[in-house]
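Note on naming: letters A, B, ... go to the chains in the order of the sequence lines (proteins, then strands), and numbering restarts at 1 for each one.
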Amino acid sequence: MTGDLLSGVTAPSARVRVQLPLPLPEPYDYRVPGDMALVPGSYVEVPLGPRRLFGVVWADGDGQGERVEERKLRPVIRAIDLPPMPDITRRFVEWVAAYTMSPVGAVLRMAVSVSAALEDPRALTAYMRSDAAVPDDLRLTPARKRILEILSDGPPRLAADIAAEAGCGTGVVRGLADAGVLTTVPMLALPRFPQPDPEANPKTLSGAQRLAADDLAAKVSAGGYSATLLDGVTGSGKTEVYFEAVAAALRAGKQALVLLPEIALSAQWLDRFAQRFGVRPAEWHSEMAPPLRRHTWRAVAKGEARVVVGARSALFLPYPDLGLIVVDEEHEAAFKQEDGVIYHARDMAVARAHLGRFPIVLASATPSLETLVNAENGRYSRIDLPSRHGGASMPDVTLIDMRRKEQAPPARAWLSPVLREALAQTMLAGEQGMLFLNRRGYAPLTLCRSCGHRLQCPNCTAWLVEHRLTKRLQCHHCGYQAKSPDACPECEAEGSFVACGPGVERVAEEVATLFPDARIAMMTSDTLSGPQALRTVIEQVKDGAVDLLIGTQVMAKGHHFPMLTLVGVVDADLGLAGGDPRASERTFQLLHQVAGRAGREERPGRVMLQTYMPENPVMQALASHDRDSFLAVEADQRRQLEMPPFGRMAALIVSGEDEGLVDAAAAALGRAAPRDREDLTILGPAPAPLAVLRGRYRRRLLIKGPKSVSLQPILYDWLARVEVPASIRVQVDIDPYSFL
DNA sequence: AGCACGCCGACT
DNA sequence: GTCGGCGTGCTC
């Protein structure tokens, strides 16, 4: 006999609002079983239709607003035994959602990025030497040998750790396991994240570095929000300086986060960190195996991981105690997330620091205009690091005017006689050269000589790029791949294809013909599958086993090659086409970084830029090493046009599979645009930069307004006035990367 | 985001 | 006559 039966009254049950990691407009209400204690931030498992999902308690259910009927409520299944999501993380998720105009749940999904993060921890797989002898037919490659050496004694270890120590990929470990030489055991005691020790191995800093480091460390120890631009050329020791800020955070008992563009998260960087702090930091990036992700996520949530280094998504981890963010290579476009929730990790990091009331450091050799302007108007403070070698390390930059006959390359070749001669001299002197071309594959366009047909991606407005190394055609936008055809798909003529323009593979071919004895290495994302491949090439270059390095952007990152004295840029104008006001800034940043590869240490370097527009301000600034006046001119132009960072901008991207519907929706949006306001400019609709992407037609509208106006409420009203068919998607891109 | 429900073409 | 395409709508 219970009270309920007697009275016929059911006590009103407690309810909670649970935010689910789905693009829903609001949290859903659930009933809390009597014996379950939940607080805001608790991770819970709840039913949704036929599914079970993890969510986060967003607030108690007694808030205002209409409540869903009591009888619709379903009970929370269970509470997850983890520290609740910190208040600041939840506020940050909400802030990002509001800023980017995305549903809160869509942002939350990034914060619980592995839904499996909340599942009970499973044992990881560890590898150890098996009893079996090494079979005779097993090819003992150097990597395999190192692994067997590493595992000859000591406890079983994770594939990722073994691979890191052996400098190879986890595939090699798995390969040895398949061959029976290694066996797997479940790793019951998961590896801890050892405390980085701020006193482990402090570096001796130069005077300027010391001042900068002390300044940052003081800000970190004092706490409170501040933003600092750390501006210094390659080789000025930025990393050592911000390491001292990280050390200060550790001493203050705070967690620290270092954001790097994905490709800069190299073994070299991790080694440097380990050298300074005794252990590696916790890593966070897209290529981690799910069990390791989960393990890392939980370690961050429990505060066990004290320093995290990661790509942009590391920003959304549930740090209980974050006290510092460093954004290295602050200017990099890779911080802009372009699909799903569209956001710029650098800007969101500043917001995160503001919410958490702690310092943020933005480091770069070529800061973005946005950041420079913020430093100039006093919103950020600024530390300039002079080069450690004075001006002596500045390479000599020559512009090769490709319009001049005597400097033009021969037919179907891409290297000017001047550059060829310089390469020959460099190698003769026993030094190394580098050729940079930011274009993967053999040629950017392939066409049929007999009918003029151009090989195009079936899903995108983009040419298919021939990759001769793999004998395949690739679309660089959607991942479409096909075997290189023998005959033209249009006129069926055989062997009629002509390659138009150069890609790195084609430049490599030219160089191989010019210098048949040279030892040539390629560095592109195609030839470097994974960080260990990169490491191998870097070692080869350092050991002097390579005379000439040819590659794309992956090569531009801060690797230090003492014998590299010549950098040739095959097509310096490449990034300038298209007329986007931001193109100059980007091209300058990229080429400056590439130029920085030449001649560090005692050997002077030189840089040769092949260009058809030597009078262009970008080329002039590179040749005269005058970054600041170039950027001042850029800033003036932007100011006059009221372009970011002097005004605000947002893009609406309308996409769908039916071109007519997309056009109609884009036109309807155009008609409903807020044209009555003098201070707003609406542009478009126009075809988006890639008019068709992954089989979806795309149109774009831009809205531009003064800095003082917040665009989000305007966009909200605008979008509410237009009804769009369900098959059409309208994405909002606040602060779009491209202004066209 | 899933997953079900619901209306129009090629098959055992 | 059914199996199955994915368009639209709902999930507390």
Give every pair of a protein N or O atom and an N or O atom of nucleotides 9-12 of chain C that lie under 3.5 Å apart, one pair per line with the distance.
residue	atom	partner	partner atom	Å
C:dT11	O3'	A:G49	N	3.2
C:dC12	OP2	A:R74	NH1	3.1
C:dC12	O3'	A:D29	O	2.5
C:dC12	O3'	A:R74	N	3.0
C:dC12	O2	A:D29	N	2.7

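Annotation: side-chain contact (heavy atoms from CB on, under 4.5 Å) contacts of A:E723 (sequence neighbours excluded): none. Partners of A:Y343 by ring pair (Phe, Tyr, Trp, His ring centres under 6.0 Å), not counting sequence neighbours, listed by chain and number: A:F316. Residues passing the side chain to side chain donor-acceptor pair (under 3.5 Å) test with A:S42: none are found, sequence neighbours excluded. Considering only residues two or more places apart in sequence or on other chains, A:H467 meets the ring pair (Phe, Tyr, Trp, His ring centres under 6.0 Å) condition with A:H476. Residues forming a side-chain contact (heavy atoms from CB on, under 4.5 Å) with A:A227 (at least two apart in sequence, or on another chain): A:Y225, A:I360, A:Y380. Taking A:T552 as the reference, A:N438, A:R440, A:V504, A:T524, A:V554 meet the side-chain contact (heavy atoms from CB on, under 4.5 Å) condition, with sequence neighbours excluded.
In this model, no donor atom of one side chain and acceptor atom of the other lie less than 3.5 Å apart for A:W463 and A:T446.
Contact footprint of chain A on DNA chain B: nucleotides with an atom under 4.0 Å from a non-hydrogen protein atom, first to last in 5' to 3' order, B:dA1 to B:dC3.
The list of salt bridge (Lys or Arg N to Asp or Glu O under 4.0 Å) pairs with a residue in residues 693-702 of chain A, not counting sequence neighbours, reads A:E659-A:R699, A:D663-A:R699.
A:R729 places its CZ atom 17 Å from the C1' atom of C:dT8, with the value rounded to the nearest Å.
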